[in-house]
Amino acid sequence: MKISLNWLKDYIDLSGISAEEIVEKITYAGLEVEEVADQSMNFTNMIVGFVKDRKKHPNADKLSLCIVSDGTRDYNVVCGAPNVAAGQKIAFAKIGTIIPNGGFKIEKAKIRGEVSEGMICSERELGISDNHEGIMVLDSSLAEGTELSTALGLDDVTMEINITPNRADALSHIGVARDLCAIFNRPLKYPNIDLNESGKKSEELAAVEIRDSQKCPRYIGKVVSNVEIKESPEWMKKRLKSIGLRPINNVVDVTNYVLHEVGQPLHAFDLDNLAHKKIVVRRAEEGEKFVTLDSKERKMKSSDLMICDAERSVAIAGVMGGENSEVTATTKNILVESAYFNPSSVRKTAKNLALSTDASYRFERGTDYNITLWAAKRAAQLIQQTAGGEIALGEIDAYPNQILSPKVEVRFARINKILGYEIPKVVAERILTNLGFVVVEKSEEKLFVEIPSYRGDVEREIDLIEEVARIYGYNNIPEINKISITLEEKVDQSEFTDRLRTVFNSLGFYEIVTNSMLSENIATKFGSPVSVLNPQSSEMSHIRPSLLPGMLTTVANNLKVSEKDLMLFELGKIINKKNNAIISFDDFEETENCVAIITGNSVRTKWYAKDKQFDLYDLKGIVEVLLSKQLPGVQITFERGSASSKNYKNGLNVLVNETTIGEIGELRDSVAAIFDVNQKTYALEINIDELKKIVTPKKSFNELLKFPKVYRDCAFVLDADIESGQVVEVIKQSSTKLLHNVILFDIFQSESLGKHKKSLAFQLEYFDLARTLTEEEVDKDFRTAIKAVETKFTAQLRGT
Amino acid sequence: MLDRIESTRKIFDEDLSKVTDLASLEELRIKYLSRKGLITQIVDSLKDVPKEEKPKAGKAVNELKNHTNSSFEELKLKLESETINREEFIDLSLPGVEKAIGSKHIITQTLDEIKNIFKGLGFSVYEGPELESDYNNFTALNFAEDHPARDMQDTFFVTDKFLLRTHTSPVQIRLMTSKQPPLRAIMPGKVYRNEAVSAKSYCLFHQVEGLYVDTDVTFAELKGTLVAFVKQFFGQDVQYRFRPSFFPFTEPSAEMDIWWEPKGKEGRWMEILGCGMVDPNVLRNVGIDPEKYVGYAFGMGIERTAMRKYGIDDIRILFDNDKRFLTQF
């Protein structure tokens, strides 16, 4: 909201306070000033000059040579304007001035051989109007040397203030002035309204009937007759323009003026266009069509409140007037509406229509139900001032149930308890009084105050405490430099994933964070996504049901910039529907998940190594170390995944202590193609919630082995389609507990072994924690194992 | 005798200076230091020296022996290492074998830093769901039905009762509903805002919520705690200020700004967090007696804080996950 400092000065004496101080103090009181525009900055170096002498330029017919005085010295100025004459007071731009309109800088120059030490400006050059027919001639009473901005009254400072939704009271100049009164402890001055009423009573000229007093508790109508619609006077246009409003005509401008003066939205009807000169406030017909001032047809709901005449709707209450009753150039008689509408009702209507106006913005935040009368009178006064006419006697005040101002108690001890700082009682009382709260009762312990009608946001003791604190100044409440720490149980629910991240990092993985919003097309391919009702775009209409899409998008983006070797992971929430309709938390499942990928090369050819592409075994090894670091002491196994897995070929389920917690695999080409990932990519997906449930054995020290290990090597030729894992299993099963480890150290396939044959070479590791083994017992065990493999797989021991 | 010693030393030194390889060094050794070498001969001849000259001669011989031995060893080491260098050359300029470790995303790194500071101040860490009920996200937090305060946070609705949480504050509700005070916790997580994606805003970001509820919590303590935080996070000399603001779930409410001077640009106040005293209505909604207990709460965005810290001016780069970006942190 824009606030003009000059306008504010109508309501509070701000003498002796700089604009900077106002900006700072008002921000510290909760009206955050986001931008300040100082109009006088446009007129730096410009003063009122006096043309002492003018003669023709010796070398140019159309130019004049002037002597301009600033009161202390004279300047030679070459001027091209036809109307320049000796004795004029003019707008003089000294050397160094930047001309407001055009932005060029005035330099000392020689024009056709004559020195010129400045410029006499036109209105257009000053940015005041489009007039460029000649120089601007100023009022002769102005003293030369006066700052031009002061002389022209173009020294306003405007502030853009961010008003929080609770502060409806501050959405006007008087509202802002009221806070300044409390801050600077100065009185608030309302403009004096001394109405010159004549003729008939308002009630005789028009009538008002409220049919829904819940949605419209109060409606005031005031009649002004025989007005002349024309342009507003300069002073009003200037004010409206200073806060960014476009002047329309005198009557409409008055309604806008009063709105920004006191915060009460007004509407002016052409009384002669109201059937039977009557206002009926009632609900709309369901589906009723209504054309608003902006010439748009709106469709109404039966819950919307309308302002009607005896026959038809003429305005949407609190939102916008209708085309059928607006004030036009020929309007003679005016009915001014000053009403109080129910905030939530106006908000619903504005939302339904997707239409926010200056009026609805204020009504939905809650206007002042008592200022309505003052605002109606003020409007009548200003209409008469700017448009002439007669103000009818009195007003129509439809106010079926008077709203009573609530009273609230505030305890001084409570102020101190909440703030942790003692604000003197007199100061607290003064702050509240300056803000318009009326102390109706007071004691040593507390104040009992009546809440002013413009402060609908203040309802409780805590709200009053805030009022005291914000005007006292948050920065004046000292912060304590010591805290006590209670010794309740400390919990860190993020510890598990934090640790997992660190393990990923140590394995070479970078963490990514991706957008959780996906298109329907992508999302439905990876689960049962939940959709949002009001997405920004179809590209982001569904909540991710899997982390894979975000990861693969990231891979694709990196491939595009030639980053081909990637080890990435993401930890985050995924959401899947369990039932079609989402009525409760049971209808969907939110899971913490983890995805990791490896793709490209693990090694790019270097002096010490050759190119090596990542493969599934890299990922398998990563998963083993990752999980054994994260959950020490657990058993990690893999089992062949379903061949019909949608995302993976050669997929494996990952099991921890026999619970499936995730899967790994090579991404199917069809899946990779969706994201334009055109290189082999291996992915890991883990359900973190499941992983967290796994109980790790308590860590304890294992005695170090005191006796030597004994190794035996063997190699078998067997059918190529036998899995090494099966062979290891048979070796383990056929051996005694002396066998502790089976290491596959070579795989070899060649025609020389026979068709579809391969050789697997194993090293078997034997030891006993309690003694040294004899060669004989190891050999016996070893032979049994070989026999078992030979029998089970019709394998042949190599080298025999 | 002394003359002989002196002259032997001279010839030895002369011969030594001519040695250029291990073979000629070996010849030198045989000539002087072997069992029949010149030095050994001199040592042997010491027994023929008259008794009164013996101490002096003995000392001179010892010195000669030490000199030749050490000169010999020194040269031997030098020649040996020269030989090794020539035959087993090591190119020490070769680059090391590459090893890689990854890193956490800077959002996580920033969050970790914030978490560590608050954990040090006795805060626990709690998490909550992203798909929340309208009740937990708004109603329980004192957002009145049909109040313009609901417009402060553009919301992605899933149904009229469920939504993507717009802030981490619903975790406050969950925590206070499940546990009794004293409660001191921070609650980090992803939050969503229905805003067009641009350099300045993204449809999601991360927040850290803070909450402390006990019998004697005050606004002055809230200020003190946050000041301690910004000093530790941004540096002890950080300039800060508090401004009144409005959040439905706190009263009084405040925003904290820090003075920020980006390189080569004009300084200005920048908002870094919102905070306030937990509104009595919120405490009542979770069954805590607001007359007995007082609380404070605060919340801050991680991305903005990280961007400020690292001089990033487009939020989207955080979610692009370009490896050239990731590897910088």
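In what follows, chains carry the letters A, B, and so on, assigned in the order in which the sequence lines appear, proteins first and then strands, with residues in each chain numbered from 1. As a basis for the values below, the full set of heavy atoms in this structure was taken, side chains included, without hydrogen atoms, waters or symmetry mates.
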Go through the atoms of Glu495(A) and report whether side chain, backbone, both or neither lie under 4.5 Å from a heavy atom of chain B. neither

Okay, Glu145(B) and chain A: the region with an atom under 4.5 Å from a heavy atom over there is neither

Charged N to carboxylate O under 4.0 angstrom, Asp492(A) versus Lys115(B)? no

Between Tyr608(A) and chain B, with a heavy-atom cut-off of 4.5 Å, which part of the residue counts as in contact: side chain, backbone, both or neither? side chain

Structural part of Ser344(A) lying under 4.5 Å from a heavy atom of chain B: both

Report which part of Phe247(B) has an atom under 4.5 Å of a heavy atom belonging to chain A: side chain, backbone, both, or neither. neither

Minimum heavy-atom distance Pro148(B)-Arg347(A), with the two atoms named: CA-NH1, 3.5 Å

Under the 3.5 angstrom rule, does the side chain of Glu511(A) hit a backbone N or O of Lys104(B) as a donor-acceptor pair? no

Measuring only between side-chain heavy atoms, which start at C-beta, is Lys573(A) closer than 4.5 Å to Glu127(B)? no

What's the verdict on side chain to side chain contact (heavy atoms under 4.5 Å, CB included) for Lys179(B) and Glu488(A), showing C-alpha distance, side-chain angles and the deciding distance? CA-CA 11 Å; Lys179(B) 285 193 166 168; Glu488(A) 85 280 5; over 6 Å; no

What part of Val294(B) gets within 4.5 angstrom of chain A, counting heavy atoms only: side chain, backbone, both, or neither? side chain

Whatever's closer than 4.5 Å to a heavy atom in chain A on Phe162(B) counts as side chain

Pair count under 4.5 Å, heavy atoms only, with chain B: among Ile583(A), Leu31(A), Ile418(A), highest is Ile418(A)

Cut-off 4.5 Å, heavy atoms of chain A, and the answer for Thr215(B) is backbone

Partner chain B: residue of Thr164(A), Val530(A), Leu419(A) with the largest heavy-atom pair count (under 4.5 Å): Leu419(A)

Any donor-acceptor pair under 3.5 Å linking the side chain of Asn558(A) with the backbone of Asn321(B)? yes

His147(B), part contacting chain A, at a heavy-atom distance under 4.5 Å: both

Is it the side chain or the backbone of Ser531(A) that comes within 4.5 Å of chain B heavy atoms, both, or neither? backbone

Does Lys351(A) use its side chain to pair, donor to acceptor, with the backbone of Asp146(B) at less than 3.5 Å? no

Check whether Glu489(A) gets within reach of chain B through its side chain, its backbone, both or neither, counting any heavy atom under 4.5 Å. both

Please look at Tyr192(B) and chain A and tell me whether the side chain, the backbone, both or neither of the residue comes under 4.5 angstrom of a heavy atom of that chain. side chain

Quick one: what part of Ala196(B) sits under 4.5 Å from any heavy atom of chain A, side chain, backbone, both or neither? both

Does Asp151(B) come within less than 4.0 Å of Arg365(A), counting only side-chain N to carboxylate O? no

Taking Glu479(A) for the side chain and Leu222(B) for the main chain, is one N or O donor matched with an acceptor at less than 3.5 Å? no

Are the side chain of Glu221(B) and the backbone of Ile483(A) linked by a donor-acceptor contact shorter than 3.5 Å? no

In terms of heavy-atom proximity below 4.5 Å to chain A, should Leu204(B) be classed as side chain, backbone, both, or neither? side chain

Reference residue Val158(B); test side-chain contact (heavy atoms from CB on, under 4.5 Å); the match among Leu533(A), Val532(A), Asn534(A), Ile575(A): Val532(A)

Identify which part of Asp112(B) has an atom lying under 4.5 Å from any heavy atom of chain A, answering side chain, backbone, both or neither. side chain

Side-chain contact, heavy-atom cut-off 4.5 Å: Ile543(A) with Leu164(B)? yes

Heavy-atom cut-off 4.5 Å, strictly under: side chain, backbone, both or neither for Asn162(A) against chain B? neither

Heavy-atom donor-acceptor pair, Asn475(A) side chain to Phe242(B) backbone, under 3.5 Å: yes

Could you check if a side-chain atom of Arg460(A) sits within less than 4.5 angstrom of a side-chain atom of Pro280(B), using non-hydrogen atoms only? yes

Sub-3.5 Å donor-acceptor pair from the side chain of Lys323(B) to the main-chain atoms of Asp565(A), do we have one? yes

Whatever's closer than 4.5 Å to a heavy atom in chain B on Glu563(A) counts as side chain

Where does Tyr361(A) contact chain B at under 4.5 Å (heavy atoms): side chain, backbone, both or neither? neither

I would like to know whether Ile512(A) and Leu326(B) meet side chain to side chain contact (heavy atoms under 4.5 Å, CB included); could you show each step before the answer? CA-CA 8 Å; Ile512(A) 64 168; Leu326(B) 298 174; 3.7 Å; yes

Asp498(A) versus chain B, heavy atoms under 4.5 Å apart: side chain, backbone, both or neither? both

Given heavy-atom pairs under 4.5 angstrom as the criterion, report whether the side chain, backbone, both or neither of Thr553(A) touches chain B. neither

Part of Lys161(B) lying under 4.5 Å from any heavy atom of chain A: neither

Turns out that what part of Thr155(B) lies under 4.5 Å from chain A's heavy atoms comes down to backbone

Pick whichever of Arg167(A), Glu32(A), Arg470(A), Glu364(A) has the most heavy-atom pairs under 4.5 Å with chain B. Glu32(A)

Do Glu291(B) and Arg411(A) pass the salt bridge (charged side-chain N to carboxylate O under 4.0 Å, His left out) test, and can you show the C-alpha distance, the side-chain angles, and the key distance before you say yes or no? CA-CA 12 Å; Glu291(B) 211 28 53; Arg411(A) 295 162 291 175; 2.9 Å; yes

Below 4.5 Å, heavy-atom pairs only: which of Ala469(A), Ser494(A), Gly473(A) has the largest tally toward chain B? Ser494(A)

So for Lys606(A), is it side chain, backbone, both, or neither that comes closer than 4.5 Å to the heavy atoms of chain B? side chain

